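As the structure is a computational prediction, the values presented were derived from the model and not from experiment. First the proteins, then the strands, lettered A, B, ... as listed; each starts at 1.
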Amino acid sequence: MATSPNTSTSSGTLTPKKKDESFLEKIGTLARKKKIKEVNELQEEGKNAIESPTSPTLPDIGPEGYQLGEAEERSMIEPHSRENAKLKDLIQVLLDWINDELADHRIIVKDIEEDLFDGQILQKLIEKLANVKVEAPEVTQSEIGQKQKLRVVLDYINRMLQLPPVWNQQKWSVDSVHTKNLVAILHLVVALARHFRAPIRLPENVCVTLLVVQKVDGVLQTRRITEEITSTNDDIGARFERDAFDTLFDHAPDKLNVVKKTLVTFVNKQLMKVNLEVTDLDSQFHDGVYLVMLIGLLEGYFVPLYHFHLTPDTFEQKVHNVTFAFELMQDAGLQKPKARPEDVVNLDLKSTLRVLYNIFTKYKATTSSTSSAVQ
Amino acid sequence: MDDIFSQVREGNAFHVRVWLDNTENDLNQGDDHRFSLLHWASREGRTNIVDMLILRGARINATNLGDDTPLHLAAAHGHRDAVLMLIHNKANINAINEHGNTPLHYACFWGYEQIAEDLVNNGALVNIANKFNDVPLDKCKPYLARMLKDRAIALGQDLSKIPFKDRSWLGYKTRSRDAMLSRHTGIDIRQLQLVGHIASTHSGETWRGTWQDNDIVAKILNVREVTKRITRDFMEEFPRLRIFNHPNVLPVLACCNQPPNLVLISQFMPFGSLYNTLHGESGIVVDQNQALRFAMDITRGMEFLHSMEPMVPNFLLTSKHVMIDEDLAKINIDDPKYQSGEATLNGIDEDLTARINMADYTFSFHEKGKVFSPAWMAPEALQRRPADINTRAADMWSFAILLWELETREVPFAELSSMEVGMKVALEGLRISVPPGISSHMSRLIKICMNEEPGKRPRFDMVIPILEKMKHQ
């Protein structure tokens with residue numbers, strides 16, 4: 001019923017190529033009755049164009065591009081931008097997350113565009129994430145039914161995310177999601193992942209190139225714009241202000257190594273006591289074990305081994321360890337770390353460094369002169 | 001509550017036993033005139049109850065408001081069995097009351113010849129004068145006076161009159177406890193007069209102060225944030241620490257549950273902890289006998305805690321959690337050593353007693369995931385959660401470390417930090433080494449108590465006879 005993936009390159013925010021009746025109906029509501037005939041012809045033409053592999057199609061613009069009213073705009077993803085490795089990565093991460101969340105419901109999402117558009121899975125997802133019950137109509141095959149359901153679900157989501165109506169209209173809408181617009185769906189899922197602090201690490205700075213078509217004086221004009229799907233991860237919820245580490249990462253990557261070296265020296269001075277050594281700051285702290293040890297050494301206590309996983313295997317065990325280490329740090333009077341435990345487990349260097357630096361600043365003075373407080 | 005005094009008077013042993021089994025009941029409490037249970041039992045000649053009370057650690061030399069000891073009352077009422085029992089348990093035989101009378105004065109006055117004889121045989125002085133300058137011999141019939149005099153001469157007593165000395169200022173020290181103490185649970189923090197800051201440790205701050213004229217220590221728990229749930233848990237767990245019915249357990253008297261402050265109140269112990277006594281600058285000399293006495297006290301206290309059902313969980317036995325108390329009950333103020341300052345004169349060698357401090361219990365929400373004294377913990381306790389191990393056997397390991405500490409006077413693994421100790425004991429087989437200098441019996445006992453196989457360690461009730469044997473060697 002929908003376009004095949006190969007040809008959906010032009011699906012952008014186009015009107016769906018559904019059953020003719022519904023399509024006509026919609027056009028009717030758009031008050032373009034005059035054009036019905038013309039449209040029908042065009043529709044036919046477009047259909048043929050897509051369905052016959054031999055017929056040449058206009059590369060960038062879908063057939064509906066022709067239907068644009070004066071000064072109207074349509075946008076669609078540029079085909080090669082879909083092949084972007086980062087974008088694929090992002091889609092995969094999001095799919096894995098959704099599948100993880102919905103595993104209990106025995107729901108498996110394979111295609112982010114094809115499986116989310118009707119609101120059914122979105123409803124299940126939001127119910128699971130927010131632990132709520134969304135009163136939405138049952139599954140339906142009719143487009144109107146699907147859209148009604150989708151509207152209820154999206155309204156719910158928007159209220160939950162506390163989005164201003166304007167903003168969300170720009171990023172996603174009932175129509176754009178229902179037409180399987182990849183950009184809109186991605187924006188929506190990313191927003192959900194951020195809001196619910198999903199334990200995943202989103203690839204940073206994922207962009208897609210959009211082709212925007214506008215009809216000016218009866219002529220179609222195209223331009224390309226870059227749409228940012230994810231920015232850097234620490235803008236999460238815009239919860240915290242930029243700190244020295246952002247500056248360091250952005251402006252002085254060379255100094256980064258100096259900082260790392262200082263931290264490694266500091267950390268090893270403690271860990272040596274229990275015959276542990278850190279060589280690689282980036283990866284050796286992610287499972288939380290060394291963090292727990294470090295805090296214990298600095299604060300003068302032992303942590304019974306049943307409180308954490310000494311040799312964690314799973315993601316959950318690692319998150320448990322890091323979360324526990326964060327608790328201990330707060331008990332020791334340190335600020336609640338800005339990073340999330342999941343960030344550290346996901347090998348986010350900036351988060352790891354922030355955590356370690358925080359510890360370093362508190363203890364550097366005391367540890368240089370005397371060893372940790374004993375007894 | 002008040003009924004317990006009449007139960008004792010009437011000799012209702014069953015009721016008294018049930019009452020004593022309730023941990024909240026303080027067997028050293030006094031009634032309105034500060035008669036303790038032992039006073040009443042002695043006065044009424046309830047020998048079985050006297051026996052029971054002594055066994056449970058009642059203070060032998062507690063005084064009432066008239067400064068009478070139980071021995072005074074037993075002697076005055078002619079209960080010979082009770083008198084002998086008290087004498088055998090180191091009752092102060094020449095204790096004087098507010099009139100300056102000793103038990104012998106009363107035995108003579110009421111004509112209890114046998115008791116008078118027993119007293120003299122056990123060191124009662126026949127020529128000690130009361131306030132009215134009367135000695136016991138003045139109080140009795142001539143033939144008894146003659147007999148007692150002869151006996152005293154035979155025993156080598158100096159028959160010159162010992163003038164009355166007012167020692168009432170000493171009396172308050174041994175008076176029975178205010179019965180109200182064990183009735184308080186939650187109190188207002190404003191009722192505490194906290195005067196001196198004693199220490200700040202990882203677990204909290206301790207202050208010295210007074211509460212209802214009692215010297216107390218208030219421990220303010222160190223908790224990051226006192227949530228609703230935490231105050232609820234605090235209220236739920238705290239009553240179990242009010243264990244008044246064992247002499248080797250130091251109860252928590254009361255608490256304040258006023259977030260952000262959670263406060264535990266216990267009696268002030270001027271000597272501090274055993275750790276302090278052994279390793280600090282306390283100036284207290286702990287000789288071999290005293291060390292053995294401490295070991296015995298701790299064993300008795302632990303044996304009692306282990307007999308409770310359900311057991312108080314999360315109590316870690318270390319020398320820091322054992323407090324040192326003057327064993328006032330056994331101090332004999334007429335003992336020459338308290339006058340001459342010479343410590344070796346009389347047979348009394350152990351004047352200090354060890355008491356397990358319930359205020360050092362670790363609340364379920366307190367110091368979660370942190371162990372500050374891993375050196376005292378069994379390897380399995382460092383690795384597995386309490387529910388998964390035999391905690392009684394783990395306590396026995398801790399006791400072995402304590403014995404080692406009492407013998408060597410050293411801090412276990414003093415040179416290592418807690419994390420190092422924990423990791424090395426748990427995973428690398430680090431153990432204390434028993435130096436060759438200590439007695440073979442003791443070193444064998446230490447080894448048995450810290451058997452690597454928890455199931456093979458003894459129980460505390462099995463350790464008592466072993467220690468008793470060592471004491472008599």
Practice problem: Inspect the contact between Asp331(A) and Lys370(B) and indicate whether a charged nitrogen and a carboxylate oxygen are less than 4.0 angstrom apart. | Solution: yes
Quiz prompt | Proximity breakdown for Ile295(A) and chain B, heavy-atom pairs closer than 4.5 Å | solution = neither
Quiz item: Which region of Phe324(A), side chain (C-beta onward) or backbone (N, CA, C, O), has a non-hydrogen atom less than 4.5 Å from a non-hydrogen atom of chain B, or is it both or neither?
Solution: side chain
Exercise. Select one option (side chain, backbone, both, neither) describing which atoms of Glu428(B) are under 4.5 Å from chain A's heavy atoms.
Key: side chain
Quiz item: Only one of Ile189(B), Leu262(B), Asn261(B), Leu264(B) forms a side-chain contact (heavy atoms from CB on, under 4.5 Å) with Ile220(B), so which one is it?
Solution: Asn261(B)
Practice problem: Could you please spell out the steps behind the side-chain hydrogen bond (donor to acceptor under 3.5 Å, both in side chains) verdict for Lys318(A) and His286(A)? | Solution: CA-CA 7 Å; Lys318(A) 292 173 186 175; His286(A) 84 287; 3.3 Å; yes
Quiz item: Does the side chain of Asn357(B) pick up a donor-acceptor pair with the side chain of Asp360(B) at under 3.5 Å?
Solution: yes
